[in-house]
Amino acid sequence: MAVTQSAKPLGPIPPGFETVDGELAIGGRRASELAAGGTPCFVYSRAMIAARLADLRAAMPARLHIHYAIKANSFAPLLAIMAELADGLDIASGGELEMVRATGADLAKVSFAGPGKTDAELAAAIAAGVTLNLESEGEASRALAIADRLGITPRLAIRVNPDFDLRGSGMKMGGGARPFGVDAERVAPLARELIEAGCEWRGLHIFAGSQALDAEAVIAAQAATLDLAERLAREIGAPLPALNLGGGFGIPYFAGDTPLDIARVGGALAARCADLPEPLAEAELAIELGRYLVGEAGVYLTRIVDRKESRGETFLVTDGGLHHQLAASGNFGTVVRRNYPLAIATRFEAAPEEVANVVGCLCTPLDRFAERAALPRAEVGDLVAVFCAGAYGASASPSAFLGHGPAAEMLV
Ligand SMILES: Cc1ncc(COP(=O)(O)O)c(C=O)c1O
């Protein structure tokens with residue numbers, strides 16, 4: 001079909017969405033109904049999040065704890081579900097600690113990773129009984145001093161900067177010189193110092209990267225993580241009470257991306273868990289995931305406010321933009337801009353008829369949701385759905401830019 005020949009492909013629409021009366025529907029409700037209260041808005045599906053977690057649990061060894069990294073999406077009602085469904089929550093700031101506290105979650109199941117923790121953040125986390133994943137020797141000594149001042153035994157783990165990274169990951173967080181974690185070769189003396197200081201020793205946190213779709217790469221990173229943890233535990237001279245293996249499970253955003261084979265990852269991990277060396281045998285094992293748990297369960301709905309032609313190209317101008325969906329515009333962690341999965345939500349079943357650009361309302365050429373996409377003909381008033389909006393949409397976009405303000409969010 002000529003219309004698709006000159007088009008750039010769109011990313012794959014995640015499975016699990018329905019069509020009602022020709023429209024995209026989420027949780028049984030049509031896009032036009034969901035958007036009736038105003039656009040742009042984020043819609044997150046409770047059922048899809050629950051199913052994702054259940055499928056993941058079924059694929060992973062039973063002893064593996066699954067933590068949710070709330071940076072991916074901290075919308076309060078969604079966080080409340082994750083506090084129930086996940087075995088732990090990972091936070092990255094004092095602000096996120098307050099969000100978690102507001103859900104009433106058990107703070108003993110919360111861990112705090114991230115460079116640049118201030119004294120106030122350390123004090124709040126220690127007082128709350130949160131496990132600190134220490135990022136440096138300096139942070140460790142501040143944490144000990146603060147705990148001493150508060151008269152509280154701190155729960156401390158060390159975040160390790162491993163000597164490897166997660167192959168094929170969109171964002172590498174380990175290996176080489178990094179602001180994250182303590183270099184592996186310096187971990188053992190620090191751990192001994194913490195144990196001697198009388199902290200509650202919570203073991204190691206090793207996060208090698210993010211957004212990996214290749215099961216073999218994840219399996220290799222997990223194997224290297226277990227090997228490193230064993231070596232470090234032997235150097236420390238004490239078994240590990242807990243080991244956070246990081247995460248990095250990715251989701252398909254772009255044409256050609258295929259879903260991560262979690263059955264393969266889980267099978268390989270189960271085989272390793274069946275035969276763990278003595279220093280890891282009793283360790284509480286966890287992974288911490290953000291986007292994999294919630295990313296595909298979210299849709300960003302934005303309305304077309306203008307349809308215009310410019311020098312032979314069609315532009316569908318929406319009331320949304322990169323101020324809510326920075327990643328979909330290609331400006332968050334990607335080198336080459338490619339199209340996210342996107343559809344005309346109000347003509348979800350219609351065949352492509354034209355090639356159009358879908359842009360946001362910001363006055364910058366960066367504000368683009370789809371470049372030369374094959375779409376049904378859409379008019380002013382139609383709704384555009386940007387998929388994979390459940391993670392790093394509202395929580396990672398500059399909503400103050402140009403004064404448009406944040407988008408509404410809802411859980412259905
Ligand atoms: C320490 C840590 N944990 C978890 C995550 C979540 O990653 P993702 O959403 O890709 O699973 C990140 C992401 O940067 C991270 O830095």
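In this chain, numbering begins with 1 at the start of the sequence shown. Just follow the structure's listing: the first ligand is 1, and inside any ligand the first atom is 1.
Within the 3.5 Å criterion, the main-chain N or O of Thr364 finds no donor-acceptor partner in the side chain of Asp367.
Under the rule for a ring-ring contact (aromatic ring centres under 6.0 Å, His included), Phe164 has no partner lying at least two apart in sequence or in another chain. Not a single ring-ring contact (aromatic ring centres under 6.0 Å, His included) links His67 to another residue, sequence neighbours left out.
Between Gly290 and ligand 1, at least one N/O pair is under 3.5 Å apart. Distances between N or O atoms of Tyr392 and those of ligand 1 include at least one value under 3.5 Å. Annotation: His205 places no N or O atom under 3.5 Å from an N or O atom of ligand 1; distance criterion only.
Using a cutoff of 4.0 Å between basic side-chain nitrogens and carboxylate oxygens, Arg149 and Asp119 are not scored as salt-bridged.
When only modelled atom types and interatomic distance are considered, Thr314 and Glu354 share no side-chain donor-acceptor pair under 3.5 Å.
Which parts of ligand 1 touch Ser210 is read off a 4.0 Å heavy-atom cut-off, strictly below it: atoms 7 (O), 8 (P), 10 (O). Every atom of ligand 1 with a heavy atom of Leu289 under 4.0 Å away is listed here by number and element: 11 (O).
Contact annotation for Tyr292 and ligand 1: no heavy atom of the residue comes within less than 4.0 Å of the ligand.
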